[in-house]
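Take a look at the structure below.
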Amino acid sequence: MKQKFTLIELLVVIAIIGILASLLLPSLAKSRKKARTAVCLNTLKQISTALYIYDEDYSFSTSRTSANTGITDSLNLSPEMWECPEDQGTWDNSGQANLAGTTFERIGTSYH
């Protein structure tokens with residue numbers, strides 16, 4: 001004889017799947033945030049390597065204000081390269097986010 005699933009058994013299986021999914025989603029969010037942070041670090045490394053090589057070739061000393069203005073055109077760096085996906089703006093001393101926009105929107109770079 002063929003045995004069929006009862007409604008209760010089906011609901012229990014669905015509940016177990018829901019519990020497992022709810023346990024898995026926070027860890028996936030953490031992994032995604034770490035991956036986006038790794039993208040930022042890699043981009044920052046690429047920018048510093050480009051500036052170092054440019055300095056070696058043209059004896060250019062970078063300053064904090066000119067690092068991403070005129071040299072961007074010389075190195076053919078896209079403006080999007082200066083934006084980090086994890087840039088959520090600046091934080092004040094109390095730990096509250098500054099809602100005036102991201103750091104990239106305000107100063108033109110996420111790396112400061």
Side-chain angles (χ1 to χ4, degrees):
M1 264 205 299
K2 235 179 179 179
Q3 185 177 3
K4 297 181 180 180
F5 289 108
T6 64
L7 181 60
I8 299 225
E9 291 172 331
L10 183 62
L11 290 175
V12 167
V13 169
I14 291 173
I16 290 172
I17 291 172
I19 290 170
L20 291 175
S22 69
L23 293 173
L24 182 66
L25 289 178
S27 64
L28 289 177
K30 287 180 188 176
S31 298
R32 185 168 185 238
K33 181 174 177 144
K34 282 190 176 191
R36 290 171 61 163
T37 302
V39 167
C40 292
L41 290 173
N42 183 47
T43 302
L44 186 58
K45 179 184 178 283
Q46 293 296 324
I47 290 170
S48 65
T49 301
L51 291 174
Y52 179 77
I53 291 171
Y54 189 86
D55 183 40
E56 289 280 317
D57 290 345
Y58 298 104
S59 297
F60 175 77
S61 296
T62 59
S63 67
R64 293 181 74 178
T65 57
S66 65
N68 67 339
T69 54
I71 197 167
T72 302
D73 298 331
S74 302
L75 294 176
N76 294 324
L77 300 176
S78 66
E80 293 83 26
M81 187 174 187
W82 297 99
E83 183 175 15
C84 175
E86 278 296 302
D87 181 11
Q88 300 183 2
T90 57
W91 297 82
D92 60 16
N93 292 335
S94 67
Q96 298 296 320
N98 182 354
L99 300 178
T102 65
T103 307
F104 179 77
E105 291 168 349
R106 285 191 334 278
I107 64 173
T109 180
S110 297
Y111 310 104
H112 57 86

Quiz item: Between atom CG of L28 and atom CG of L23, what is the distance when rounded to the nearest 0.5 Å?
Solution: 11.5 Å

Exercise. Please check if atom CD1 in I8 has more than 12 non-hydrogen atoms from other residues, nucleotides or ligands closer than 6.0 Å.
Key: no

Quiz item: Rounded to the nearest 0.5 Å, how far does CG of N42 lie from CD1 of I47?
Solution: 10.0 Å

Quiz item: What pair of heavy atoms forms the shortest contact from E9 to K4, and how long is it?
Solution: OE1-O, 4.4 Å

Quiz prompt | Separation of L24 CG from I19 CD1 (nearest 0.5 Å) | solution = 13.5 Å

Exercise. Drop me the distance from Q46's CD to T43's OG1, to the nearest 0.5 angstrom.
Key: 7.5 Å

